[in-house]
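See structure below.
Numbers here are sequence positions counted from 1. Computed from a prediction, not measured in an experiment: that's the story for all the values here.
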Amino acid sequence: MVAAPPSPPPTSNSPLAIYKPLDLTTHIGTQFENIQVSTLLQSDEHVRSLAELVSHRGVVFFKNQDLNIEQQKHLALKMSNLTGKKDDVAGLHRHPISEETSELGAEVSIIDSMGGIARAGFVKNTRASNGWHADITFENVPSDFTMLKMHTLPPVGGDTLWASAYDAYDRLSPAYQKFLEGLTAKGKNYRVPRGHPDNNTEHLTAIHPLIRTHPVTGFKALFVNKSFTQRIVELGPDESASVLDFLFRHVSENHDLQVRFRWEVNDLAIWDNRCTWHTATNDYTEHRRGDRVVTIGERPYLDPLSKSRREVLGISVP
């Protein structure tokens with residue numbers, strides 16, 4: 001698959017510029033204070049601009065939103081359909097370990113500290129960095145966007161961090177970038193229908209390139225994560241473990257390619273799993289709950305002619 005031409009981030013020409021978005025860090029994260037996302041639903045131009053902004057900035061935050069769950073599903077699907085290279089059968093994801101009997105339906109994941117997937121895989125007295133992941137990369141056709149609205153929060157704690165897969169790639173040496181671009185990684189999978197026919201498979205593994213090209217921005221991004229990537233196909237077991245350990249630490253230990261968000265009630269985050277990872281902070285005991293929808297994107301691919309974000313945008317910071 002051929003990449004989209006490398007594109008600059010949305011600028012003052014965007015219809016969203018009037019809402020004065022604030023970039024939270026150099027590489028990732030943008031926040032809006034004075035806009036209700038529900039008002040954008042009637043305009044394809046506004047939704048497309050929002051989707052493109054999320055693909056460039058990785059994650060976008062909106063404060064105190066009135067969006068209901070049906071609007072949330074509609075907006076997520078509209079963002080996905082107006083951008084990327086997905087096919088007509090891709091829809092909302094159904095998580096394989098979410099509750100089928102959820103009052104919101106199988107296409108909505110309840111992120112609840114009292115059960116479900118909010119703390120799936122969490123092990124007490126282990127490193128917090130073990131939680132870094134991108135949503136549903138275990139699928140043959142994984143996700144593009146995730147949209148999470150939090151409505152129940154502890155008085156303090158429960159922040160979420162995101163990291164830029166664009167900048168993680170850009171910080172590697174040219175020789176190491178070239179080495180990784182010839183490799184693929186195997187991840188976990190599950191045996192239930194999950195938003196795309198190619199995800200309903202008897203094979204419990206999915207294989208993706210370690211470096212992928214983002215179909216919207218045209219930028220290269222690192223595409224492995226500690227929660228779901230099991231091994232590198234082309235390497236021996238010890239070689240694979242060594243390379244993956246370096247890459248996982250490369251993401252978790254570079255705080256300057258990360259952004260941390262402190263939730264308040266009814267805040268909304270929208271992120272692009274093709275160019276970010278995220279992890280929750282398990283530093284609370286009170287109830288924490290929100291509603292998440294995830295859209296299915298396209299099969300990951302690497303276009304050898306695609307370029308890095310720093311190269312295209314002329315970013316020269318360390």
Between Lys220 and Asp303, does at least one N-O distance fall below 4.0 Å, as a salt bridge requires?
no
Got a sec, which hydrophobics cluster with Val233, joining ILVMFWY side chains under 4.5 Å apart, including via others?
Ile207
For Thr137 and Asn273, which I'm curious about, is there any donor-acceptor pair between the side chains at under 3.5 Å?
no
Quick check on Glu253: does its CD atom have over 12 non-hydrogen neighbours (other residues, nucleotides or ligands) under 6.0 Å away?
yes
CZ of Arg127 to CZ of Phe248: how many Å apart, nearest 0.5 Å?
14.0 Å
I need the Leu257 CG to His255 NE2 distance, nearest 0.5 Å.
9.5 Å
Are Phe223 and Tyr301 close enough that their ring centres sit under 6.0 Å apart?
no
Within a 6.0 Å radius of atom NE2 on His151, are there more than 12 heavy atoms belonging to other residues, nucleotides or ligands?
yes
Charged N to carboxylate O under 4.0 angstrom, Asp291 versus Lys149?
no
Rounded to the nearest 0.5 Å, how far does CG of Leu22 lie from CG of Leu24?
5.5 Å
Assign the ring pair Phe261 / Phe61 to parallel, tilted or perpendicular, where the plane angle (0 to 90°) is split at 30° and 60°.
parallel
Go through the side-chain N and O atoms of Thr160 and Trp263 and say whether any donor and acceptor fall under 3.5 Å apart.
yes
Between Lys226 and Asn130: side-chain donor-acceptor atoms closer than 3.5 Å
yes
Evaluate Arg212 against Glu298 for salt bridge (charged side-chain N to carboxylate O under 4.0 Å, His left out), listing each step before the verdict.
CA-CA 11 Å; Arg212 71 177 295 177; Glu298 53 285 305; 3.7 Å; yes
With a 6.0 Å cut-off on the ring centroids, do Tyr166 and His56 count as close?
no
Applying ring-ring contact (aromatic ring centres under 6.0 Å, His included), name anything that partners His46, two or more places apart in sequence or on another chain.
none
Does a donor on one side chain sit under 3.5 Å from an acceptor on the other, for Asp272 and His214?
yes
Determine, using ring centers only, whether Trp162 and Trp271 are less than 6.0 Å apart.
yes
Please list, one pair per line, the donor and acceptor atoms closer than 3.5 Å that link side chains of residues 25-32 to other protein atoms, with sequence neighbours excluded.
unit_1, atom_1, unit_2, atom_2, d
Thr25, OG1, His27, N, 3.3
Thr25, OG1, Ile28, N, 3.0
Thr25, OG1, Ile28, O, 2.5
His27, ND1, Asp167, OD1, 3.4
His27, ND1, Arg309, NH1, 3.2
His27, NE2, Arg310, NH2, 3.4
Thr30, OG1, Asp23, OD1, 2.7
Thr30, OG1, Arg57, NE, 2.9
Gln31, NE2, Glu33, OE2, 2.7

Whether the side chain of Thr281 engages the backbone of Asp283 through a donor-acceptor N/O pair (distance < 3.5 Å, no angle test) should be reported.
no
Residues His208, Asn140; criterion side chain to side chain donor-acceptor pair (under 3.5 Å); working and verdict
CA-CA 8 Å; His208 299 308; Asn140 291 310; 5.7 Å; no
Do Lys186 and Glu234 sit within salt-bridge range, that is, some charged N less than 4.0 Å from a carboxylate O?
no
Between Ser143 and Asp135, a side-chain donor and acceptor under 3.5 Å
no
Will you find, in the side chains of Tyr169 and Glu181, an N or O donor that is under 3.5 Å from an N or O acceptor?
yes
